[in-house]
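Encoded as C-alpha cells, the structure appears first; notes follow it.
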Amino acid sequence: MNRPFLRMVGIKKWFPGVQALKGVDFEADQGEVLALIGANGAGKTTLMNVLGGVIQADEGEIYIQGEYADIRTPLDAAEHGIAFVHQEMALMPTLTVAENMYITRFPSRLGLINYKATKERCTQALARLGIGLDPGTKLQHLSPGDRQMVEIARALLSEPQIIILDEPTSSLTSREKARLFEVIGSLKQEGVAIIYITHLLDEVFQVCERAIVLRDGEVAGGGILKDLTYDDVVRLMIGSKEISPHFGRRTAHIGDAVLYVEGLSRRGVLQNVSFTLHKGEILGLWGLLGSGRTELARAIIGLDPIDTGRIQVRTDGSMKAIHPQEAKNWIGMITEKRREEGLLLPKSVKINVSLANLPALISRIWPLIDDKRETELAEKFVNRLEIVISSLTQPVATLSGGNQQKVVLARWLQRNPPIYIMDEPTCGLDVGVKAEIRKIIGELADAGAAILLISSDIDEMIGLSDRFLVMNRGRIVAELSAGSPKDKLMAAAAGVV
Ligand SMILES: Nc1ncnc2c1ncn2[C@@H]1O[C@H](COP(=O)(O)OP(=O)(O)OP(=O)(O)O)[C@@H](O)[C@H]1O
Ligand SMILES: [Mg+2]
C-alpha cells in the first residue's frame with residue numbers, strides 16, 4: 001500500500017483580498033485520527049473545502065494512495081471515498097431525516113426510488129450512532145444535537161475512506177459526544193482516515209493521535225499529541241501573540257434589578273420560571289442540553305410564544321412590562337446560531353455590524369443611513385474584536401466561522417443595550433478569541449450591563465458568573481452562588497439535589 005494514504009501538496013488558494021492558503025502540505029493516514037487546528041480564519045475549512053471538492057485550489061495537488069486525484073466537485077470527492085461533515089449544517093429543515101440522508105443518492109430499483117430500502121438503511125446508520133430516530137421525521141422537529149447526528153450518519157452512509165469532521169460536537173450532548181467518539185474509534189479500527197477540526201483542545205487530546213496546526217494559511221507545525229502539551233499547541237496556533245489571562249474573577253458591583261421574569265410557562269417547554277437579573281450582574285443559566293435554557297432565552301426575547309407569565313424591565317427608575325416584540329429595544333441577544341438568527345449572510349460586514357443600530361445611524365437631515373458614521377463604527381468594532389476581514393464590504397458569508405460569531409457580538413456591543421442574553425457566546429472561537437470575549441463580557445458587566453449567560457463550557461460559566469440558576473426539564477431547580485464547585489453544578493443540573 002502506498003503511504004501516506006492522503007497527500008495534499010503545495011495547496012494555495014486566493015480569495016478577493018486574502019490568500020487563505022499559502023502552500024499547505026498535508027498528509028493523513030488510514031486508521032489515524034488527525035486533528036486539524038488553528039485560530040479563527042487560519043484556513044482549516046478552506047483546506048478541507050479543497051479536499052471535499054467544495055472549492056478548487058488555485059495551485060497544488062491531491063494524491064490518494066499515491067495516485068493523483070482530480071477533485072473538482074463534491075461528487076468527485078465522494079468517488080474518492082471522501083465524506084465531509086460541514087461546520088455549518090447543510091441539511092434541509094423541511095425534508096425528512098431519510099430524504100436528507102439520501103438527498104444525492106437514493107437507493108433505486110429499476111430506476112425508481114426504493115423507499116423501503118432507504119428507510120432501513122437510514123435506521124441502521126442512525127442505530128450505529130446510537131440514536132433511534134424515525135427516518136420519516138422532518139428535520140425541523142429535531143433538536144440541534146439530533147440534526148448534527150443525522151449529518152454525521154449521512155456521511156457514514158457512503159462508507160468513506162476519509163472522513164472530515166468540521167467542529168462536529170458543538171451541538172451534541174455529552175452522551176451523544178461520547179457515542180461519536182466511540183464511532184470514531186471503530187472507524188479508526190476499520191482503517192478510515194479521520195480529520196477532526198475543533199477549537200476544543202481537550203477533545204483534541206482525548207480523541208486524536210496527531211495534530212497539524214495551521215496559522216495564517218500555512219502549516220505552523222504539529223506532531224504526535226503524546227509528545228505535545230496543551231501550551232505547545234496553543235503556542236503553535238497563535239505564534240508570539242499574547243493571550244490575555246483566562247478569567248480572573250471580577251469584583252462584581254451588583255446594582256438594582258433590571259429584568260424581572262415572572263411565572264413564564266409554555267406547555268412542555270417551560271414551567272413557571274421566575275427570576276430577576278441585576279445591573280452589573282452576570283447570571284449563569286446552567287443545565288444540560290435540552291434542559292430549557294435556550295428555550296427560556298428565546299421566550300424572553302420574544303422569539304418563541306409563551307402561555308403565561310410576565311417580563312418586565314426597569315427603565316428610568318420605573319418598571320415596564322414588555323411585549324415580546326419590543327424586547328429587542330432593551331435586550332441584546334447573542335446566540336451561537338448565527339446562521340439562523342443572527343446575520344444577513346450575503347450582506348457586508350459593515351451592514352451587519354450596524355444592523356442593530358439603524359435608528360442611531362439615520363442622518364438627522366436626510367432619512368438616509370449616515371455612511372461615514374456607519375463605516376467608522378464598523379471599523380472601531382472590527383478592530384476591537386480583531387475580526388479578520390479583507391474589507392468592510394466583504395460579505396459575511398465568506399468570513400470564517402469564528403469571525404462570523406464576532407460580527408454578531410460587534411453588532412450588539414455598539415448598540416450597548418442595558419441587558420444581554422448570551423447563548424454560547426464563545427462557541428466556535430479559538431482559545432485566544434475565547435479569552436478576549438470573556439474579558440469583554442466581564443467589562444460589559446463592570447460597566448453596568450446585566451447579563452444572562454448560557455454556556456456548555458462549565459469552566460467558562462464558573463469563571464464568569466456571579467450567581468447561577470440551574471435548569472432541568474424546563475424549570476429552575478436550584479440557585480447557587482458564585483464559586484460553587486463543578487460537581488455541585490453538575491449534580492444540580494442532573495436533578496440530584
Ligand atoms: N468564499 C470566500 N470568499 C472570501 N474569503 C473567504 C472565503 N472563504 C474563506 N475566506 C477567507 O479565508 C480565510 C480562511 O477562512 P477559513 O474559513 O478557512 O478559516 P477557519 O480556519 O476555518 O476558521 P474558523 O475556525 O473561524 O472556522 C479567512 O480570512 C476567510 O475570511
Ligand atoms: Mg472553519
Side-chain angles (χ1 to χ4, degrees), residues 8 11-24 26 34-58 60 84-90 148 151 164-171 195-201 203-204 211-220 222 233-234 236-239 336-339 342-343 345-350 352-353 382 385-410 424-437:
M8 298 176 81
I11 305 290
K12 294 186 185 170
K13 179 72 193 177
W14 280 267
F15 290 115
V18 59
Q19 185 178 359
L21 299 172
K22 302 173 180 166
V24 173
F26 180 93
L34 174 64
L36 177 59
I37 45 192
N40 294 128
K44 305 177 296 294
T45 299
T46 305
L47 184 66
M48 290 302 110
N49 278 341
V50 169
L51 180 60
V54 180
I55 57 171
Q56 285 180 46
D58 296 313
F84 197 163
V85 177
H86 292 274
Q87 179 171 18
E88 305 294 348
M89 283 188 237
Q148 182 77 291
E151 176 124 17
I164 306 161
L165 300 164
D166 195 350
E167 300 195 34
T169 58
S170 51
S171 37
I195 303 170
Y196 194 86
I197 303 181
T198 183
H199 288 292
L200 303 170
L201 295 185
E203 285 182 8
V204 168
I212 292 181
V213 183
L214 287 186
R215 184 164 78 229
D216 287 335
E218 288 175 290
V219 175
V233 173
V234 172
L236 284 173
M237 282 173 62
I238 61 167
E336 63 179 324
K337 287 206 272 170
R338 47 192 179 256
R339 298 232 150 197
L343 295 170
L345 292 169
K347 298 286 185 197
S348 70
V349 172
K350 187 164 97 175
N352 273 282
V353 170
V382 162
L385 297 179
E386 295 178 33
I387 306 180
V388 183
I389 55 170
S390 45
S391 85
L392 284 176
T393 53
Q394 184 178 355
V396 164
T398 66
L399 296 185
S400 81
N403 283 295
Q404 292 183 7
Q405 182 66 5
K406 290 200 247 177
V407 171
V408 174
L409 190 63
E424 307 285 359
T426 67
C427 179
L429 300 179
D430 70 55
V431 274
V433 183
K434 267 195 209 305
E436 188 58 32
I437 302 284

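These figures come from a predicted structure and were not determined experimentally. Just so you know, ligand 1 is whichever comes first in the structure, and atom 1 is the first atom listed for that ligand. Excluded from the calculations below are hydrogen atoms, water molecules and symmetry mates; all remaining heavy atoms, backbone and side chain alike, are included. Position 1 is the first residue of the sequence, and the numbers go up from there.
With Val433 as reference, Lys406 is the one residue of Lys406, Gln405, His199 to meet the side chain to side chain contact (heavy atoms under 4.5 Å, CB included) rule. Residue Ile164 is tested with Leu51, Asn49, Leu36, Thr45 for a side chain to side chain contact (heavy atoms under 4.5 Å, CB included); the sole match is Leu51. Applying side chain to side chain contact (heavy atoms under 4.5 Å, CB included) to Phe15 and the options Leu21, Thr398, Thr46 leaves one that passes, Thr46. Exactly one of Val233, Ile197, Leu214, Asp430 qualifies for a side chain to side chain contact (heavy atoms under 4.5 Å, CB included) with Ile37. That residue is Val233.
For ligand 1, the atoms sitting less than 4.0 Å from at least one non-hydrogen atom of Gly401 are 24 (P), 26 (O), 27 (O), numbered in the order shown with element in parentheses. Less than 4.0 angstrom separates some heavy atom of Leu399 from each of these atoms of ligand 1: 31 (O). Ligand 1 places these atoms under 4.0 Å from at least one heavy atom of Gln394: 4 (C), 5 (N), 31 (O). The ligand atoms of ligand 1 that sit less than 4.0 angstrom from a heavy atom of Asn40 are 23 (O), 24 (P), 25 (O), 26 (O). Taking every non-hydrogen atom of Thr46 and a distance limit under 4.0 Å, the qualifying atoms of ligand 1 come out as 9 (C), 14 (C), 15 (O), 16 (P), 18 (O).
Taking all heavy atoms of Lys13, Lys44, Gln405, Gln404 into account, the minimum distance to atom 25 (O) of ligand 1 is reached by Lys44. The heavy atom nearest to atom 3 (N) of ligand 1, considering only Val433, Leu429, Thr398, Val388, is found in Thr398. In this structure, of Gly217, Gly402, Pro395, the residue bringing a heavy atom nearest to atom 26 (O) of ligand 1 is Gly402.
Protein N/O/S atoms nearer than 2.8 Å to the Mg ion (ligand 2) total 2.
Backbone and side-chain nitrogen or oxygen atoms of Gly428 are examined, and none is located within less than 3.5 angstrom of a nitrogen or oxygen of ligand 1. The distance criterion of under 3.5 Å between nitrogen or oxygen atoms is not met by Pro16 with respect to ligand 1. Polar contact check, Val18 against ligand 1: no nitrogen or oxygen pair lies under 3.5 Å apart. By the 3.5 Å distance cut-off applied to N or O atoms, Phe15 is not counted among the residues near ligand 1.
Ligand 1 lies less than 4.0 angstrom from a heavy atom belonging to Ala42.
The protein atom (non-hydrogen) at minimum distance from atom 27 (O) of ligand 1 is Gln87 NE2, 3.0 Å. Residue, atom and distance of the protein heavy atom nearest to atom 22 (O) of ligand 1 are Thr45 OG1, 2.8 Å. Of all protein heavy atoms, the one closest to atom 23 (O) of ligand 1 is Gly41 N, 2.8 Å. The protein heavy atom nearest to atom 12 (O) of ligand 1 is Ala20 CB, 3.4 Å.
Residues Ile389 and Leu399 meet the side-chain proximity criterion, which asks for heavy atoms closer than 4.5 Å. Between Gln148 and Glu167, the closest side-chain pair of non-hydrogen atoms is not below 4.5 Å. Residues Val50 and Met8 have side chains in contact (heavy-atom distance under 4.5 Å, counting atoms from C-beta outward). Annotation: side chain of Gln404 is in contact with side chain of Leu345 (closest heavy-atom distance under 4.5 Å). For the pair Ile195 and Leu165, the minimum side-chain heavy-atom distance is 4.5 Å or more. Between Ile387 and Val407, the closest side-chain pair of non-hydrogen atoms falls below 4.5 Å. Using a 4.5 Å heavy-atom cutoff, the side chains of Gln19 and Lys12 are in contact. Residues Val204 and Thr198 form a side-chain contact, since some pair of their non-hydrogen atoms from C-beta on lies under 4.5 Å apart.
Heavy atoms only, all atoms of each residue included: Met48 and Phe84 are closest at O-CE1, 3.4 Å.
Here Phe26 pairs with nothing under the ring-ring contact (aromatic ring centres under 6.0 Å, His included) rule; sequence neighbours left out.
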